Amino acid sequence: MPIPVISATGLFTPADSISNTELVDSFNTYVAQHNAEHAAAIAAGEVLALEPSSVEFIEKASGIRARYVLAKAPILDPAVMAPRWDERPNEQISVLAEIGVAAARDALARAGRDAKDVDAVICACSNLQRAYPAIAIEIQDALGIDGFGFDMNVACSSATFGIQTAADFIRAGNAKSVLVVNPEICSGHLNWRDRDSHFIFGDVATAILVEAQDIAPAQHWELLGTKLKTVFSNNIRNNFGFLNRATPETAGARDKLFVQEGRKVFKEVVPMVATMIAEQMERFALAPADIRRLWLHQANAGMNRLIAGRVLGHEATEDESPTVLDTYANTSSAGSIIAFHLNSDDLQHGDTGVICSFGAGYSAGTVFVRKAA
Ligand code: COA
């Protein structure tokens, strides 16, 4: 049976970033305008006054200091507070495919792989910009890949679910080289007017080239094994869909964008993920000291500190569990892949690490990797 490995990863980072100070200035201008506009109704007790946001709260509650975005000006404009750009004609590549292609090209270049030798593209992400044709097929076309492609969405766990899917294709002999691409335009599903969550997300794209070991470059990552888990929960939802036409500007549309019960998510997901990693360590007969690095989903610094602490048995150092939340914020499925991409070159032959995702669904995935050369 062919053995699947990770040949390389790729990253596309948007040019523009929004600092917490810029974000909070814009949010608080919106709040002041809203409260002034509705002053009489607020005084009469008919409308609730909006509360301002704060940089200190955001950094303490989440560890996020900035986020990259594809459309900075409209997001910061208190009259818009959403990403906006001209709708593209069908002849032009879609925004989601464009950033996916950029990340894919990076992964292909690092692996020294020609796109014509890739068999399949899986676009695995939370925020697909349309129903069909699949974004993956558009990426496949832009790269000149002869094979097949499809989209899949498991929210923040899309990348790890994509890795296992690609690995299974390789084991079954249905493909030898599979690109898993995670373009995430999270700014489009975030309610930038919601004080509880306006700071959480950013935009980015990552790619993972999963290949049969016999064609992979010497500098690859062996896959010890993957594990996927889903447990239904209403605590993170986005009800936007083709059966509704609500926009963020429409009253009552709050649930047509990202909403969560943040505290419940924190409490329920930390033990679920820590247990899952521990069970997989047992499966591979690995002790905490055998884990060189954890590349965790980047949602919240406190969650990651707790998960890493339970897995390793001590407070994790930045070297043991690196964070990219401070500059990238939560980028959904791409988060653990960015952490891996930016913090794996220094690992030595034989070093073992864990890529781990968790998020809406609930969904969680672990990918145990070992550096081959
Ligand atoms: N600025 C200032 N204060 C704020 C604020 C903001 N932007 N947003 C909320 N607050 C206030 C609240 O009003 C509340 O005040 P109170 O105690 O006087 O009522 C207080 O801060 C705590 O609010 P809460 O929403 O309970 O914050 P929290 O400590 O739970 O942190 C999250 C919020 C979202 C960062 C946190 O719950 C979390 O990270 N959860 C993990 C889930 C996650 O990130 N999921 C993403 C998808 S995978």
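These numbers come from a predicted model, not from an experiment. Read the numbers this way: they start at 1 and go in the same order the structure lists the ligands and their atoms. Just the heavy atoms: all of them, side chains too, but no hydrogens, waters or symmetry mates, feed the values below.
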Quick check for students: name every N or O atom pair between ligand 1 and the protein closer than 3.5 Å, with distances.
residue, atom, partner, partner atom, Å
ligand 1, 1 (N), S54, N, 3.2
ligand 1, 3 (N), R195, NH2, 3.1
ligand 1, 7 (N), S53, OG, 2.9
ligand 1, 7 (N), R195, O, 2.9
ligand 1, 13 (O), R195, NH1, 3.0
ligand 1, 26 (O), R263, NE, 3.1
ligand 1, 26 (O), R263, NH2, 3.2
ligand 1, 29 (O), R263, NH2, 3.2
ligand 1, 30 (O), R263, NE, 2.7
ligand 1, 37 (O), G262, O, 3.3
ligand 1, 39 (O), N300, ND2, 2.5
ligand 1, 40 (N), G262, O, 3.1
ligand 1, 45 (N), Q260, OE1, 2.8

Original post:
Looking at residues at least two apart in the chain, or sitting in another chain, which of them share a salt bridge (charged side-chain N to carboxylate O under 4.0 Å, His left out) with D25?
Top reply: none
Mind listing the side-chain donor-acceptor pairs of residues 63-74 below 3.5 Å, one per line with the distance, residues two or more places apart or on another chain?
residue, atom, partner, partner atom, Å
R65, NH1, E59, OE1, 3.3
R67, NH1, I18, O, 3.0
R67, NH1, N20, OD1, 2.9
R67, NH2, N20, OD1, 2.8
R67, NH2, F199, O, 3.0
K72, NZ, S17, O, 2.9
K72, NZ, E22, OE1, 3.3
K72, NZ, E22, OE2, 3.0

**OP:** Give a yes or no on whether a salt bridge exists between R237 and D255, defined as a side-chain N under 4.0 angstrom from a carboxylate O.
**Re:** no
Subject >> R370 with D351: basic N within carboxylate O range, under 4.0 Å >> reply: no
Original post:
Would you call E268-R263 a salt bridge at under 4.0 Å N-O?
Top reply: no
Please output the side-chain donor-acceptor pairs of residues 36-53 that fall under 3.5 Å, not counting sequence neighbours, one pair per line with the distance.
residue, atom, partner, partner atom, Å
H38, ND1, H34, O, 2.8
S53, OG, H198, NE2, 2.8

